[in-house]
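A quick write-up on the structure given underneath.
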Amino acid sequence: MSVTSATGPELLDTGLDARIAEQEAVFLRRQPRSAELVARARRSLAGGATSNWQIAQPQAVWLTHGAGSKIYDVDGTEYVDLHGGYGVSLVGHAHPAIVRAVGERVARGTHFAQPTEDAVVVAEELARRFGLPLWRFGNSGTEATMDAVHLMRAATGRDLVIKVEGCYHGHHDSVEVSILPEADEAGPADRPIAVPGNTGIPQAVVDLVAVVGFNDAAAVARVLDENPGRVAGMIVEPVMMNAGIIPPDAGYLEAVRELLHAHGALLAFDEVKTGLTVSPGGATATLGVTPDIICLAKALGGGLPVSAIGGTAEVMGLIADGTYEQVGTFNGNPLSMAAARATLLEALTPEAYAHVERLRGRMHEQVSRVLADHDLPWHVVTIGAKGCVSFLDRPVRHLRDFHDVDERLGHLHWLVQHNGGVFLPPWGKVEQWLLSVQHQEEDADRFVANVATFAGLVKG
Ligand SMILES: Cc1ncc(COP(=O)(O)O)c(C=O)c1O
């Protein structure tokens, strides 16, 4: 993990709102066909999009196709794709190995609700990479973390789950708590209040979630002490990636694992974003802390919907003996399994990871230099294929630091990148870039040039 800070004395320009208005006007002028589709879609798709998080501001961007490191919108504009479909497209677009594997599988039937051999190959490879012996599949990150929470409760016979403030684990009830709570509703930092992260979440479920700050092992110890025999386990993103990128302090993950195990509770890593993207064996391998349960999704399917849950023989034995029914019509879907096999064995090779690592280093160094040249006191945080600029003059250690980031900066950065031919995830402050194995130096350089434009605008 690499974190560097640009130093400089100057304060930010206060004309940010005006810069944003200008860039939004450019954005809208470039996308008349998307505007037409949004208007049409509003009549049949709720909100005019297929997920609320696809509605970028000022307008959702509609796409036609992708190839290699590029994606193309309905107005014919090409972008370097650093959005990566919210962390999925580590293999890039239309990767030849995925095209071949999926094409062959489509021609032989795509669904039986019976296992195919690819599922064993994928499970064996995940066991090798992540160091946990037994695996099951699902279709989304939400399903993986839902199974993880269920398994922790099933294994311990307890109901309370510890969750970190600011971690996003998908949209099931037990984890839609304290995702990005407002500062004035979240309570004290060392004793956060559990805040529903959506409407439709029963308070009775919220009451079964104990919220702690990231990098605060003492808070985990307190919850365990105050609730003897009640805590099933803790779910955490080992590197937080839904509040920029927040690395764990040295020793934090080891400490919480030890505390949980001392109290008969389990540890689940949500590696839906970090798994495969930060290294072949995810944050688990990079940080050297193996939890009881690992959740994967996103990049695993090479662009097809697939998730996985891995665990120790003891935990996954509950599935094997039928104590916990891990089920789903599409689990182990042959098309998804064929794509996952090609992703792991043909696309995400050691050479491909080395290539991504070179690009990471190039972007990290060049973006840091641009910030320093503009005397902007922000941080560049990169790990594997992931990276972000943290618009704060100090390293972010938990959500309370992250609250201090001016979200207008993330939005302006997103707009400038977009208007300059680079597609980042729309929620500029929260999200991070994703490189793929098909990106090249010129893709990275286009991004860096746009950072320079953005820095110039901010400095006025
Ligand atoms: C860390 C993490 N876990 C779980 C999820 C949920 O995954 P999905 O959207 O596939 O349900 C996400 C989605 O962004 C995520 O970032």
Side-chain angles (χ1 to χ4, degrees), residues 49-56 83-90 130 136-152 161-180 197-198 201 209 214 233-248 253 267-278 282-284 286-287 291 293-310 328 330-331 333 336 339-340 343 383-388 398-399 402 424-434:
T50 52
S51 159
N52 281 33
W53 291 348
Q54 293 168 8
I55 306 173
H83 181 326
Y86 282 132
V88 166
S89 307
L90 180 59
F130 288 85
R136 273 289 178 94
F137 300 108
N139 307 284
S140 68
T142 295
E143 286 176 54
T145 63
M146 185 180 69
D147 276 328
V149 170
H150 288 166
L151 271 171
M152 291 194 294
V161 171
I162 302 177
K163 179 194 174 284
V164 169
E165 191 176 59
C167 279
Y168 177 67
H169 301 298
H171 56 279
H172 60 95
D173 294 12
S174 292
V175 293
E176 273 218 303
V177 176
S178 295
I179 295 164
L180 285 174
N198 202 348
I201 308 297
V209 181
F214 194 60
M234 171 170 172
I235 185 163
V236 62
E237 296 177 74
V239 179
M240 277 181 69
M241 285 202 181
N242 284 287
I245 298 178
I246 309 182
L253 296 170
L267 176 62
F269 279 176
D270 177 352
E271 290 233 45
V272 166
K273 269 192 161 174
T274 52
L276 306 175
T277 61
V278 305
T284 298
T286 301
L287 302 172
I293 298 171
I294 291 175
C295 305
L296 300 175
K298 295 206 188 253
L300 176 60
L304 273 84
V306 58
S307 64
I309 178 161
F330 281 98
N331 287 9
N333 171 262
S336 302
T343 297
I383 176 167
K386 294 276 198 167
C388 71
H398 42 62
L399 190 73
F402 185 72
L424 284 176
W427 307 96
K429 172 177 164 177
V430 169
E431 285 290 335
Q432 56 290 137
W433 71 66
L434 177 71

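Both ligands and their constituent atoms are indexed starting at 1 by order of listing. Quick note: numbers below take in every heavy atom, side chains included, and nothing from hydrogens, waters or symmetry partners. The first residue of the sequence shown is numbered 1, and numbering continues consecutively from there.
Side-chain contact annotation: T142 with H172, donor-acceptor N/O pair under 3.5 Å absent.
The atoms of ligand 1 that sit less than 4.0 Å from any heavy atom of T142 are 6 (C), 7 (O), 8 (P), 11 (O). Atoms of ligand 1 found under 4.0 Å from any heavy atom of S140, numbered from 1 in the order shown, are 10 (O), 11 (O). Each of the atoms 1 (C) of ligand 1 lies under 4.0 Å from some heavy atom of E237. Every atom of ligand 1 is numbered from 1 in the order shown, and the set under 4.0 Å from a heavy atom of G141 is 6 (C), 7 (O), 8 (P), 10 (O), 11 (O). Interface of N242 with ligand 1, defined as ligand atoms under 4.0 Å from a residue heavy atom, comprises 1 (C), 15 (C), 16 (O). Counting the atoms of ligand 1 from 1 in the order shown, those under 4.0 Å from a heavy atom of K273 are 16 (O).
Ligand 1 has Y168 within reach: a non-hydrogen atom of the residue lies less than 4.0 Å from it.
Side-chain contact between T284 and I294: present, with at least one pair of heavy atoms (C-beta onward) separated by less than 4.5 Å. Looking at heavy atoms from C-beta onward, W433 lies in side-chain contact with L424 at the 4.5 angstrom threshold. Within the 4.5 Å cutoff, the side chain of W53 has no heavy atoms near those of the P426 side chain. Side chains of Y168 and V430 form no contact here, defined as non-hydrogen atoms less than 4.5 Å apart. No side-chain heavy atom of I293 sits less than 4.5 Å from a side-chain heavy atom of I235.
In terms of polar-atom proximity, W53 is not counted as a contact of ligand 1, lacking any N or O under 3.5 Å from an N or O of the ligand. Considering both main-chain and side-chain atoms, D270 comes within under 3.5 Å of ligand 1 through a nitrogen or oxygen pair.
Under 4.0 Å from ligand 1, the heavy atoms of K298 that appear belong solely to its side chain.
Nearest protein heavy-atom contact of atom 4 (C) of ligand 1 is H169 C, 3.3 Å. Scanning the protein heavy atoms around atom 6 (C) of ligand 1, the nearest turns out to be G170 CA, 3.5 Å.
Between the CD1 atom in I245 and the CD1 atom in I383 there is a gap of 7.5 Å [rounded to 0.5 Å].
Comment: R136 does not engage E143 in a salt bridge, judged by the lack of any side-chain N to carboxylate O separation of less than 4.0 angstrom.
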